[in-house]
Student: 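Attaching a single structure in structure tokens format; questions to follow.
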Number of protein chains: 2
Amino acid sequence: MDNKQRQWPLDRRAVIKLLGDCGIQATQQRIDIAQILFHQPQHLSADQILKTVNESRPSVSKATVYNTLGLFADKGLVRQVIVDPSRVFYDSNTSEHHHLYDIDHGTLTDIAPEQLTVSGMPALPDGMVTEGIDVIIRVRSE
Amino acid sequence: MDNKQRQWPLDRRAVIKLLGDCGIQATQQRIDIAQILFHQPQHLSADQILKTVNESRPSVSKATVYNTLGLFADKGLVRQVIVDPSRVFYDSNTSEHHHLYDIDHGTLTDIAPEQLTVSGMPALPDGMVTEGIDVIIRVRSE
DNA sequence: ATATTAATTAGACTTTGTCTAATTAATAGG
DNA sequence: CCTATTAATTAGACAAAGTCTAATTAATAT
Ligand SMILES: [Mn+2]
Ligand SMILES: [Mn+2]
Ligand SMILES: [Zn+2]
Ligand SMILES: [Zn+2]
């Protein structure tokens with residue numbers, strides 16, 4: 001299944017279609033969360049999503065935000081980015097790319113895959129399967 | 001300051017010397033923690049270190065373990081490895097290398113820098129300073 | 001020895017995330 | 001449509017990693 005989103009933002013209809021294509025039941029809460037994520041290619045923490053989705057009137061619980069993000073990640077709709085010991089970022093851009101992380105501001109920026117090449121994947125021990133390769137450039141900028 | 005440890009394990013004397021060279025006061029607690037870390041090149045979590053250092057008789061508090069690991073990281077004696085959202089690993093090998101992370105078992109393995117090359121460091125925006133480049137190969141192995 | 005400074009400590013606290021059991025919403029079949 | 005069944009949501013308890021504070025203890029310098 002090829003999930004390259006090309007037209008941002010995804011509107012409500014497109015989001016419902018996307019969920020359906022992944023075999024995810026399109027509930028109100030999931031649609032709301034997906035609309036936030038797929039407004040543009042971006043990196044959001046669970047907490048940022050929880051706040052955003054509830055900023056007009058409270059509508060989605062913390063448990064559902066975590067459940068939904070976990071589900072989206074499992075289905076490959078979003079990618080978890082682990083760069084900060086204190087929280088996970090969810091990346092709405094699942095196409096291959098690398099990251100630049102500003103330690104001081106806690107902000108993530110994309111690096112296009114053409115810009116940076118990793119060569120020499122070592123042979124993996126028997127029974128191991130590559131799940132992904134993360135390249136993170138850590139910067140300070142005080 | 002060049003901190004390439006070459007003879008493992010570092011004994012008590014070597015550890016005290018190492019701390020002194022970094023301007024770290026060699027207290028009993030710090031020596032104990034350093035001896036665990038510098039027994040061999042390895043990746044340990046704060047919790048693993050806390051347990052190990054207290055396995056004969058309790059001698060070092062949780063606060064001191066965290067203080068000490070933070071201090072060692074600041075001084076460049078150890079390197080933090082952020083691959084798991086639930087805990088930070090401290091790497092006693094500070095020479096340049098990459099990592100392979102087994103998601104299912106939570107274990108980290110080193111990849112020699114010769115084995116894997118990153119080419120094409122993008123130009124950084126003004127005022128940004130590179131802190132490090134992390135390459136992590138994530139694998140499953142169930 | 002004493003004074004001064006630095007490190008350690010227990011335990012409260014915070015934050016991120018998980019879990020449970022009860023409620024509510026969605027779906028399917030008649 | 002109505003009803004039965006299943007799936008999702010929820011509040012709030014809970015867990016784990018890590019931080020912070022104020023008091024104590026240890027190290028250093030004179
Ligand atoms: Mn957050
Ligand atoms: Mn741990
Ligand atoms: Zn990204
Ligand atoms: Zn390593």
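Just so it is clear: chains get the letters A, B, ... in the order the sequence lines come, proteins before strands, and each one is counted from 1.
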Student: Calculate the interatomic distance between Ile24(A) atom CD1 and dA26(C) atom C1'; express it in whole Å.
Tutor: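 So the two atoms are 16 Å apart, to the nearest Å.
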Student: Nearest of dT9(C), dT9(D), dG18(D) to any side-chain atom of Val88(B)?
Tutor: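 Nucleotide nearest to Val88(B)'s side chain: dG18(D).
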Student: Return no unless some side-chain N or O of Tyr66(A) is found under 4.0 Å from OP1 or OP2 of dG17(C).
Tutor: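 Affirmative; the distance criterion is met.
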Student: Have a look at Thr27(B) and say if it touches a base, only the backbone sugar-phosphate, or nothing, with a 4.0 Å heavy-atom cut-off.
Tutor: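 If one applies the 4.0 Å heavy-atom cut-off, Thr27(B) turns out to touch the sugar-phosphate alone, with no base involved.
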Student: Rounded to the nearest Å, what distance is computed from the CG atom of residue Asp32(A) to the C1' atom of nucleotide dA8(D)?
Tutor: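 Distance, rounded to whole Å: 14 Å.
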Student: Round to a whole Å and report the spacing from CD of Gln29(A) to C1' of dA11(D).
Tutor: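 To the nearest whole Å, that distance equals 14 Å.
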Student: Out of Thr109(A), Asn93(A), Asp91(A), Thr107(A), which one pairs with His43(A) under the side chain to side chain donor-acceptor pair (under 3.5 Å) rule?
Tutor: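 Only one option passes, and that is Asp91(A).
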Student: Counting side-chain heavy atoms from C-beta on, which of dT27(C), dT8(C), dT10(D) comes nearest to Arg30(B)?
Tutor: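 Closest nucleotide to the Arg30(B) side chain: dT8(C).
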Student: Take atom CD1 of Ile16(A) and atom P of dA26(C), then tell me their distance rounded to the nearest Å.
Tutor: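 To the nearest whole Å, that distance equals 12 Å.
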Student: Taking the side chain of Gln25(B) as heavy atoms from C-beta outward, which of dT10(D), dA27(D), dG17(C) is closest to it?
Tutor: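 Closest nucleotide among those given: dA27(D).
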Student: Below 4.5 Å, heavy atoms only, C-beta onward: do Ser59(B) and Asn54(B) meet side chain to side chain?
Tutor: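 When only atoms from C-beta onward are counted, Asn54(B) and Ser59(B) do touch, with a gap below 4.5 Å.
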Student: Atom CG of Leu50(B) to atom P of dA17(D): distance rounded to whole Å?
Tutor: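 Going from CG in Leu50(B) over to P in dA17(D) covers 10 Å.
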Student: Does Arg30(B) reach the side chain of Leu71(B), with side-chain heavy atoms less than 4.5 Å apart?
Tutor: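 Side chain of Arg30(B) against side chain of Leu71(B), heavy atoms only: contact under 4.5 Å found.
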Student: Tell me which of Pro85(B) and Ser61(B) sits closer to the 5' end of DNA chain C, going by the nucleotide each one is nearest to.
Tutor: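 In this pair, the answer is Ser61(B).
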Student: Establish, with yes or no, whether the OP1 or OP2 oxygen of dT10(D) is under 4.0 angstrom from a side-chain nitrogen or oxygen of Thr64(A).
Tutor: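 Answer is yes, contact under 4.0 Å.
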Student: Linking I/L/V/M/F/W/Y whenever any side-chain heavy atoms sit under 4.5 Å apart, do Ile137(B) and Ile111(A) land together?
Tutor: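 Looking at the clustering, Ile111(A) is in the same group as Ile137(B).
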Student: Can you find a donor-acceptor pair, distance only, under 3.5 Å between Lys62(B) side chain and dG11(C) base?
Tutor: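 Donor-acceptor pair under 3.5 Å: no.
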Student: Just to be sure I understand the rule, does Gln28(B) reach a base, reach only the sugar-phosphate, or reach nothing, if contact means heavy atoms closer than 4.0 Å?
Tutor: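 No contact at all - Gln28(B) keeps every heavy atom at 4.0 Å or more from the nucleic acid.
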Student: Can you check the Asn67(B) CG to dA22(D) P distance for me, whole Å?
Tutor: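 Between P of dA22(D) and CG of Asn67(B): 15 Å.
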Student: What pair of heavy atoms forms the shortest contact from Gln80(B) to Tyr90(B), and how long is it?
Tutor: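 That closest heavy-atom pairing would be NE2-OH, 3.4 Å.
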Student: Take atom CZ of Phe89(B) and atom C1' of dG18(D), then tell me their distance rounded to the nearest Å.
Tutor: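 Spelled out: CZ on Phe89(B) to C1' on dG18(D) is 15 Å.
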Student: Report yes if at least one side-chain N or O of Arg87(A) is closer than 4.0 Å to OP1 or OP2 of dG17(C); otherwise report no.
Tutor: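 Arg87(A) to dG17(C) OP1/OP2: no side-chain N or O under 4.0 Å.
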Student: Atom CG of Leu71(A) to atom C1' of dT9(D): distance rounded to whole Å?
Tutor: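 For the pair Leu71(A) CG and dT9(D) C1', the rounded distance is 13 Å.
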